[in-house]
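Note sheet for the following structure.
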Amino acid sequence: MSKGIKKESSFGIAHVILFLSIAVLCIFVAWPVLLILFNAFFVEGSFNYRDFYAVLTEPETFQALLNSLFIAGMTTIGSTIVGTFFAWLVTRTDLPYKKFMKGLFLVPFMLPSFIGALAWKMLLSPNSGYINTFLMNLFGLQEPVFNIYTYMGISAVEVMYLFPFVFIQVCGALERMDPTLEESARISGAGLFTITRKITIPLVLPSIMSGALLIMLYSMAHFGTVAVLGIENGIYNIPTLIYEKIHQSGGSFESIRTGTVLSTVLVVTAAAIIWAQQKILSRGHYQIIGGKSFRPMELKLRGLRYPLLLACLAYIGFTIVLPTVVIFMVGGVSTYGLPLTWENMSLDNYKYILFEYEVTKDAIINSVSLGLVAALITMFAGVMISYVIVKMKVKGKGILEFLGMLPFSVPGSVIALGVILAWSGQFGINLYNTVWIILVAYIARYMAFSLKANSAALEQVHDSLMEASRSCGASMWQSLKDIVIPLVRPGMISAFFLIFLPALRELTVSIMLYAPTTRTIGVAIYTLNEDGETVMSTALAGIALILIVVGQTLINHFTKKAGE
């Protein structure tokens, strides 16, 4: 009798957790996305394709779509080449200080690309860029050498900050790849180029494509770099066009409806990219991990060891160190354009930004608070949903897997617009122009991060532990509290920080939702730059970089401590 009661109780708890999990994802993720699709095609409850067609056929819409595809394409190609090359260097060659170099190549992953774009704007703008000015004075030139306000300039900056997506994926694949295949080819007389082209690249192609897909999706939906470097020269992609339409009209119904149509274009394009990638990968099956332990074969670089090391250091110095130094130095001058000499440097701008400029205080509080709360909510919700997906044998959990990954493939600007439609009073709850609407958007945007981290942790917890606990008389809740949660705590901490740091530097979602009193750090930097306050925006950007580095250091410390 007691066994029947226990079984009935666990059955009830399982379905309550399943119901709550589906409710969370439907309210925060599915509903906003469905509202976008509905508002794009329906007006006052009636299907209306004419308005949809009218927006799509506008020249600026077509041009923005072409710009998005062109910039994303160039960024993907460049990032894939750079990321694959550096991954090969640090995993399959005898490059000196490989572990240190691998850490350096991950640094761009934690830096906001829109702050990098701001730095390159100051370095390579045609009229006042420091590098252009230096070269024109040095060689007596009448025209600037570089122009950052171009498709190539935008793509180059995005490559600098997005190549780690491919680098991480390819490093993992190359470290696990069986070297006997390459050794057999070398014994048969094949050269390095032939081995790389016919064996190494095909074997790691799934990892290369996986990283390239992430870059393509990210670049298509990216707001910051194009906003900083493109708008000034009339280059818009879909996210910046959505922002301009809504921003210029003050959030009118017509502008939001136009935004829904443009967002639908982004969703369809993202779906097409995913479909194309799956078709490419389905052409063949690649197995790179054998059953035996092995050490990856290292290529002897001989005389190229230190030249290639210097080339890697030069790349990091030019793409990461130089723009970061410029941010801090320009933040220290009284007027933008003054020579970057010690005589022109002071801490006055930083003092003003930190202690006198009221927006800074609000922005830091908003960003830290939103990041912490969003990370906590998604961490616990992610554990609950992941537990249903990984451990429970109940019908309907496949819906959770689909909904959980939906935000991962939906652009941030689409989520922001969906949140506006869902939480602006139309359905009885009005969060518009409050900090809460940004929080809702963060939860939707970062839920997939929590699910991936917690699912990975739960996969490592064997079912026999729960079964042993239940057989000893513990309730399901006691088993979860005393066994499962302690074992998956490292995954929960990882999920927390995976969400907190990106939320701290987020711009794409916040720029669509902020009000005068709810600016985040990213929005405050962007609006200062947009208003022509270049020096103040760089001073705040410098402070933001310090916060990000401190945050990353704490992440590394606590993650390492949790894993011990």
Q: Examine the side chains of Y352 and T360 and answer whether a donor and an acceptor come within less than 3.5 Å of each other.
A: no
Q) Between the side chains of Y236 and N67, is a donor N or O closer than 3.5 angstrom to an acceptor N or O? A) no
Q: List the steps and the verdict of side chain to side chain contact (heavy atoms under 4.5 Å, CB included) for S128 and Y336.
A: CA-CA 9 Å; S128 56; Y336 175 57; 3.5 Å; yes
Pairwise side-chain contact, [X] with [Y], heavy-atom cut-off 4.5 Å (strictly under):
X: R505; Y: L111; value: no
X: F167; Y: P108; value: no
X: E158; Y: V226; value: yes
X: F139; Y: V145; value: no
X: V535; Y: S334; value: no
X: I364; Y: I521; value: yes
X: P112; Y: L545; value: yes
X: M101; Y: L313; value: yes

Donor-acceptor check, side chain of [X] to backbone of [Y], threshold 3.5 angstrom: yes or no?
X: N233; Y: Y149; result: yes
X: T240; Y: N237; result: yes
X: N344; Y: V333; result: no
X: D94; Y: L301; result: yes
X: T378; Y: Y446; result: no
X: N137; Y: T133; result: yes
X: S537; Y: T534; result: yes
X: N349; Y: M536; result: no
X: K98; Y: T93; result: yes

Enter the distance from [X]:[atom1] to [Y]:[atom2] here, rounded to the nearest 0.5 Å.
X: S113; Y: L229; atom1: OG; atom2: CG; answer: 10.0 Å
X: L507; Y: H222; atom1: CG; atom2: NE2; answer: 8.0 Å
X: L309; Y: F100; atom1: CG; atom2: CZ; answer: 9.0 Å
X: I154; Y: M74; atom1: CD1; atom2: CE; answer: 8.0 Å
X: L372; Y: I377; atom1: CG; atom2: CD1; answer: 11.0 Å
X: I168; Y: F109; atom1: CD1; atom2: CZ; answer: 4.5 Å

Q | W120 ring center within less than 6.0 Å of F318 ring center | A | yes
Q. Looking at Y151 versus F70, is the centre-to-centre ring distance below 6.0 Å?
A. yes
So which atom in [X] and which in [Y] form the shortest heavy-atom distance, rounded to 0.1 Å?
X: F163; Y: F105; answer: CZ-O, 3.7 Å
X: R445; Y: E506; answer: NE-OE2, 4.1 Å
X: I499; Y: S450; answer: CD1-CB, 3.8 Å
X: P126; Y: P144; answer: O-CB, 3.4 Å
X: I548; Y: M110; answer: CG2-O, 3.3 Å
X: V523; Y: S510; answer: CG2-CB, 3.5 Å

Q: Verify the neighbour count for atom OH of Y315: are there more than 12 heavy atoms of other residues, nucleotides or ligands below 6.0 Å?
A: yes
Under 3.5 Å donor-acceptor pairs involving side-chain atoms of residues 77-86, not counting sequence neighbours:
from, atom 1, to, atom 2, distance (Å)
S79, OG, T75, O, 2.8
T80, OG1, T76, O, 2.6
T84, OG1, T80, O, 2.7

Q: Applying side chain to side chain contact (heavy atoms under 4.5 Å, CB included), run through V368 and L504 and close with a yes or a no.
A: CA-CA 6 Å; V368 173; L504 192 65; 3.9 Å; yes
Q) According to the interplanar angle, ranging from 0 to 90°, do the rings of F165 and Y218 count as parallel (below 30°), tilted (30 to 60°) or perpendicular (above 60°)? A) tilted
Q. What is the ring orientation for F496 with F500, classed by angle as parallel under 30°, tilted 30 to 60°, or perpendicular over 60°?
A. parallel
Q.
Under the side-chain contact (heavy atoms from CB on, under 4.5 Å) test against Y514, which residue among T527, T520, N366, V509 passes?
A. T527
Q) ring pair (Phe, Tyr, Trp, His ring centres under 6.0 Å) between Y526 and F114: does it pass, once the steps are laid out? A) CA-CA 8 Å; Y526 177 75; F114 77 92; 7.8 Å; no
(Q) Could you go through L217 and M220, starting from their C-alpha distance and side-chain angles, then the distance that decides it, and tell me whether this counts as side chain to side chain contact (heavy atoms under 4.5 Å, CB included)? (A) CA-CA 5 Å; L217 288 174; M220 280 288 297; 5.9 Å; no
Q | Test log, rule side chain to side chain contact (heavy atoms under 4.5 Å, CB included), inputs V157 and I148 | A | CA-CA 9 Å; V157 171; I148 197 67; 4.1 Å; yes
